[in-house]
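Report on the structure given below.
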Amino acid sequence: MQPGGAHLVALIPPGSVEAELGKVQAAIFSELGLASALALPPLIPVAFISAPPARGFLDDLDRSVLAGWRARAAGIAWVEEWLFLAVDTGGLWDGLRARALELAGAAPLCLFPASEGFCLGCVDADPDQRSHIAPMTPELSFSSCSLAVMRLESPREEWWREVYWETLEEKPLRGRRKS
C-alpha cells in the first residue's frame, strides 16, 4: 500500500443489501478462513483515485448519471484473482468510473480491481481452492445506494490482514433527471 493509504470511490449498498452480503462474506470466512473476505464492508469499487478529491466531487459524480437506475446481481465472477458478486447496473458503473477518473485521475496502484460488482475477497485462496469457491449468493436488486470516497490504510503488504478504512465523504446517489 502506498504511503498515506489509497483513496477509493465506491458505491455503498442500502442496509438490507449490506446485511445479505455480510452473511455471504461471513460464510466464506467461516468455511474457508479467508481473511480477505471480511477485510472491507460490502461495496462496489468504482475507482482508486490519485488523491483525496476536491470539494463537490461527489456532487459532480451524482450529476453524471441519470436517475431511475436499478442494479441487479449477475452471478459470481473472478477478476484478477479476486472474487466478485457481479452486478449489472445498466451503464451506471461505467459512467461513474469514467467521470471519477476524469476528475481525480487514476491511482498508480490499486489494492484490488475496480469491477462492476461487490468485492468478496478470496485473493488469499490458493489456486486449487479458487476453483471450488462457489458461495450461495442472494438474488439482489436495488435502486438506491450511496456514493462514497474512502481512505484505506494498512501497515502490511497483504493489506487485507490488517486494514483501516474510513469514509471521508458520502452522499446518496440520486442521479440527474432527464430534461
Side-chain angles (χ1 to χ4, degrees), residues 4-26 37-77 79-80 82-107 109-121 135 137-153 163-179:
H7 292 91
L8 174 67
V9 178
L11 293 172
I12 309 300
S16 59
V17 172
E18 187 175 11
E20 289 296 317
L21 291 168
K23 291 176 191 175
V24 173
Q25 291 172 301
L38 291 178
L40 295 172
L43 56 81
I44 298 173
V46 174
F48 282 95
I49 55 176
S50 60
R55 190 164 192 238
F57 175 76
L58 292 182
D59 291 327
D60 199 334
L61 286 183
D62 185 47
R63 285 188 301 272
S64 73
V65 298
L66 287 174
W69 57 271
R70 177 163 289 283
R72 291 176 177 79
I76 295 296
V79 180
E80 299 174 26
W82 289 84
L83 185 65
F84 280 79
L85 173 57
V87 174
D88 178 2
T89 63
L92 172 84
W93 184 87
D94 291 318
L96 288 171
R97 178 170 173 76
R99 188 68 177 143
L101 294 175
E102 177 185 333
L103 292 172
L109 295 173
C110 300
L111 301 180
F112 52 92
S115 185
E116 191 173 7
F118 291 100
C119 184
L120 299 176
T137 57
E139 290 187 30
L140 299 173
S141 178
F142 56 97
S143 59
S144 69
C145 68
S146 295
L147 274 169
V149 176
M150 302 172 72
R151 191 175 88 214
L152 310 172
E153 291 187 19
V163 63
Y164 305 95
W165 57 270
E166 70 174 311
T167 302
L168 301 176
E169 186 179 358
E170 184 172 351
K171 75 169 283 156
L173 177 63
R174 306 262 190 250
R176 67 181 176 358
R177 299 276 176 214
K178 292 181 183 179
S179 12

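Values below: all heavy atoms of this structure, side chains included; hydrogens, waters and symmetry mates excluded.
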Exercise. Which pair of heavy atoms, one from L43 and one from P13, lies closest together, and at what distance?
Worked result: CA-CD, 4.4 Å
For this session: Check for a donor-acceptor pair, side chain of E116 on one end and backbone N or O of T89 on the other, with a separation under 3.5 Å.
Result: yes
For this session: Might you work through the side chain to side chain contact (heavy atoms under 4.5 Å, CB included) test for V24 and L120, ending with a clear yes or no?
Result: CA-CA 8 Å; V24 173; L120 299 176; 4.2 Å; yes
Problem set entry | Beyond-backbone contact of L147 with L96, side-chain heavy atoms, under 4.5 angstrom | yes
For this session: Taking W93 for its side chain and P45 for its backbone only, find out whether a donor-acceptor pair lies under 3.5 Å.
Result: yes
Exercise. How many angstroms lie between atom CZ of R97 and atom CG of L92, to the nearest 0.5 angstrom?
Worked result: 13.5 Å
Exercise. Side chains of L11 and V87: does their closest heavy-atom pair fall under 4.5 Å?
Worked result: no
Exercise. Minimum heavy-atom separation for P52 to H7, with atom names?
Worked result: CG-NE2, 3.3 Å
Exercise. After noting the C-alpha distance and the side-chain angles of V163 and L111, does the key distance pass the side chain to side chain contact (heavy atoms under 4.5 Å, CB included) rule?
Worked result: CA-CA 11 Å; V163 63; L111 301 180; 5.8 Å; no
Exercise. Can you name the nearest heavy-atom pair linking A100 to L61, along with the distance?
Worked result: N-CD2, 3.4 Å
Exercise. Going from SG on C110 to CG on L152, what distance comes out if it is rounded to the nearest 0.5 angstrom?
Worked result: 11.0 Å
Problem set entry | Distance-minimising heavy-atom pair for G117 and F84 | O-CD2, 3.5 Å
Exercise. Mind checking whether F48 and F112 have parallel, tilted or perpendicular rings, split at 30° and 60°?
Worked result: perpendicular
Seminar exercise, completed: Nearest heavy-atom approach of I12 to C145 is O-CB, 3.0 Å
Exercise. For S141, which residues count as a side chain to side chain donor-acceptor pair (under 3.5 Å) partner, sequence neighbours excluded?
Worked result: R70
Exercise. Does L40 offer a backbone N or O that forms a donor-acceptor pair with the side chain of Q25 under 3.5 Å?
Worked result: yes
Exercise. Applying the side-chain contact (heavy atoms from CB on, under 4.5 Å) test to W165, which of M150, R151, E153 qualifies?
Worked result: M150
Problem set entry | OG on S115 to CD1 on I44, rounded to 0.5 Å | 9.5 Å
Exercise. Is any NZ, NE, NH1 or NH2 atom of the basic residue among E169 and K171 found under 4.0 Å from an Asp or Glu carboxylate oxygen of the other?
Worked result: no
Exercise. Any donor-acceptor pair under 3.5 Å linking the side chain of D88 with the backbone of R72?
Worked result: no
Exercise. Going through the checks in order, is the side chain to side chain contact (heavy atoms under 4.5 Å, CB included) test met by E20 and V17?
Worked result: CA-CA 5 Å; E20 289 296 317; V17 172; 5.8 Å; no
Exercise. Taking everything shown except E139 itself, do over 12 heavy atoms lie less than 6.0 Å from its CD?
Worked result: no
For this session: Please name the pair of heavy atoms, one in G175 and one in D62, separated by the smallest distance, quoted to 0.1 Å.
Result: N-OD1, 2.7 Å
For this session: Evaluate the ring planes of F118 and F142, with Trp represented by its six-membered ring, and classify them as parallel (under 30°), tilted (30 to 60°) or perpendicular (over 60°).
Result: tilted
Exercise. Any side-chain heavy atom of L8 sitting closer than 4.5 Å to one from I49?
Worked result: no
Exercise. To the nearest 0.5 Å, what is the distance between OG (S50) and CG (L109)?
Worked result: 12.0 Å
